[in-house]
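Everything on this sheet refers to the single structure shown next.
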Amino acid sequence: MRAVSVEEAVAMIPAGATVMVGGFMGVGTPERLLDEVVRQQKSGLTIISNDAAVPGKGVGKLFDAALVSRLIATHIGLNPKAQQQMLANQIAVDLIPQGTLVERIRAGGCGLGGVLTPTGVGTLVAEGKRQIEVDGKPYLLETALRAQFALVHAFLADYLGNLSYALTARNFNPVMAMAADTVIVTAEHIVPVGVIGPDHVVTPAPLVDYLITNPNG
């Protein structure tokens, strides 16, 4: 793990990159990193996140700035800007059932090819997907998801990069930290090594590439 400024971290993300962003409706999202993505105008991004958040918050800022070309998420129902851009064919949107999305990300982090799920069998979700029968029951093969970058927000980080999360920040952030080539982290508090007890480390340091340590940068 290396400590960097938020400017340095975001400068590593090229235009057109595939980026996972943790959080749920803007809660537990790395806001400082997203503010810097907007400031540096990283355009043409494929974003993998639970949702499109709302205008002015979380990944919603990326739609405000028209930086997204494709969104892979569970819903966009609370972001009218994302909806407008989808209806105008300015962005492509892959809507995925929430459990399926998190399992596809988990599979990507574990080196699996995908997961089998009964969710979506017999519906529009099944179109174009391989169906596999197990013990007489049909399942859809949902392929794994990975990204070039994961932008993760933790409650606590130590100076080695061990992470602990709070409340709903724990839903997508930990699995995304496993499923990206480069993991960039912001944290509410950065503490000395040992403050986060071994039993409370959710994301271990070897998974973290960069930690934003400057509280103002």
Side-chain angles (χ1 to χ4, degrees), residues 3-86 90-94 101 105 145-155 157 163 165-177 179-190 203 208-217:
V4 294
S5 69
V6 69
E7 293 88 354
E8 290 176 289
V10 171
M12 291 185 282
I13 302 173
T18 298
V19 182
M20 289 182 177
V21 183
F24 188 94
M25 294 308 302
V27 177
T29 299
E31 299 285 353
R32 289 168 58 205
L33 285 166
L34 294 176
D35 288 341
E36 186 62 19
V37 169
V38 172
R39 192 189 72 80
Q40 294 190 21
Q41 287 291 289
K42 302 290 186 178
S43 61
L45 300 174
T46 292
I47 296 297
I48 302 173
S49 63
N50 177 66
D51 48 70
V54 297
K57 187 171 179 61
V59 296
K61 299 170 184 175
L62 306 182
F63 296 98
D64 296 344
L67 298 178
V68 179
S69 64
R70 183 183 181 193
L71 173 68
I72 300 172
T74 65
H75 69 92
I76 62 172
L78 296 179
N79 191 325
K81 290 191 176 179
Q83 295 170 30
Q84 291 164 7
Q85 291 172 17
M86 180 184 73
Q90 295 170 336
I91 63 172
V93 177
D94 298 355
L101 177 64
I105 297 169
L145 285 171
R146 287 191 58 85
Q148 293 166 271
F149 294 87
L151 307 185
V152 169
H153 186 67
F155 180 64
L163 308 179
Y165 303 90
L167 304 172
T168 53
R170 190 164 175 165
N171 50 16
F172 278 92
N173 279 296
V175 290
M176 289 179 172
D181 299 336
T182 300
V183 177
I184 304 171
V185 174
T186 59
E188 295 290 326
H189 306 284
I190 299 176
T203 297
V208 175
D209 296 289
Y210 299 99
L211 175 65
I212 311 302
T213 54
N214 184 341
N216 300 313

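Heavy atoms only: backbone and side chains are in, while hydrogens, waters and symmetry mates are out. Only a predicted model underlies this, so the values are computations on that prediction, with no experimental measurement involved.
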Where do [X] and [Y] come nearest, in terms of heavy atoms and distance?
X      : Y      : answer
Ile91  : Val68  : CG2-O, 3.0 Å
Ala150 : Met176 : CB-O, 3.4 Å
Asn50  : Phe172 : OD1-CE1, 3.2 Å
Gly44  : Ser69  : O-OG, 3.2 Å
Asp64  : Gly56  : OD2-N, 2.8 Å
Leu145 : Met20  : O-CE, 3.6 Å

Could you check Lys42 against Glu36 for salt bridge (charged side-chain N to carboxylate O under 4.0 Å, His left out), going step by step and ending with a plain yes or no? CA-CA 9 Å; Lys42 302 290 186 178; Glu36 186 62 19; over 6 Å; no
For Leu78 and Asp51, run side chain to side chain contact (heavy atoms under 4.5 Å, CB included): C-alpha distance rounded to whole Å, both residues' side-chain angles, the deciding distance at 0.1 Å, then the answer. CA-CA 9 Å; Leu78 296 179; Asp51 48 70; over 6 Å; no
Main-chain N/O of [Y] paired with [X] side-chain donor or acceptor, under 3.5 Å:
X      : Y      : answer
Glu188 : Ala154 : no
Glu8   : Ser5   : yes
Ser43  : Leu67  : no
Gln41  : Val38  : yes

Can a side-chain donor-acceptor contact be found between His153 and Thr186 if the only test is distance below 3.5 angstrom? yes
Let me know which of Thr18, Asp94, Thr46 forms a side-chain hydrogen bond (donor to acceptor under 3.5 Å, both in side chains) with Arg70. Asp94
Only one of [options] passes side-chain contact (heavy atoms from CB on, under 4.5 Å) with [X]; say which it is.
X      : options                        : answer
Val185 : Ile212, Thr213, Val208, Thr203 : Val208
Leu151 : Asn173, Leu34, Val59           : Leu34
Phe63  : Ile47, Val54, Asn79            : Asn79

Nearest 0.5 Å please: distance from the CG atom of Leu33 over to the OH atom of Tyr210. 13.0 Å
Taking atom CD1 of Ile76 and atom CD of Gln84, what is their separation to the nearest 0.5 Å?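 Taking CD1 in Ile76 and CD in Gln84, the distance rounds to 10.0 Å.
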Between Val152 and Tyr165, is a side chain to side chain contact (heavy atoms under 4.5 Å, CB included) present by the stated rule, with each step listed? CA-CA 10 Å; Val152 169; Tyr165 303 90; 3.7 Å; yes
If we only count heavy atoms from C-beta on, is the Val6 to Ile184 side-chain gap below 4.5 Å?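 No; the side chains remain at least 4.5 Å from each other.
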Evaluate the side-chain proximity of Gln148 to Met12: yes if any heavy-atom separation is below 4.5 Å, no if none is.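 A side-chain contact is absent here, since even the closest heavy-atom pair is not under 4.5 Å.
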Quick one: do Met25 and Lys57 satisfy side chain to side chain contact (heavy atoms under 4.5 Å, CB included)? Show the steps, please. CA-CA 8 Å; Met25 294 308 302; Lys57 187 171 179 61; over 6 Å; no
Walk me through it: do Ile48 and Val21 pass the test side chain to side chain contact (heavy atoms under 4.5 Å, CB included)? CA-CA 6 Å; Ile48 302 173; Val21 183; over 6 Å; no
Identify whether the distance between the nearest side-chain nitrogen and carboxylate oxygen of Arg39 and Glu7 falls below 4.0 Å. no
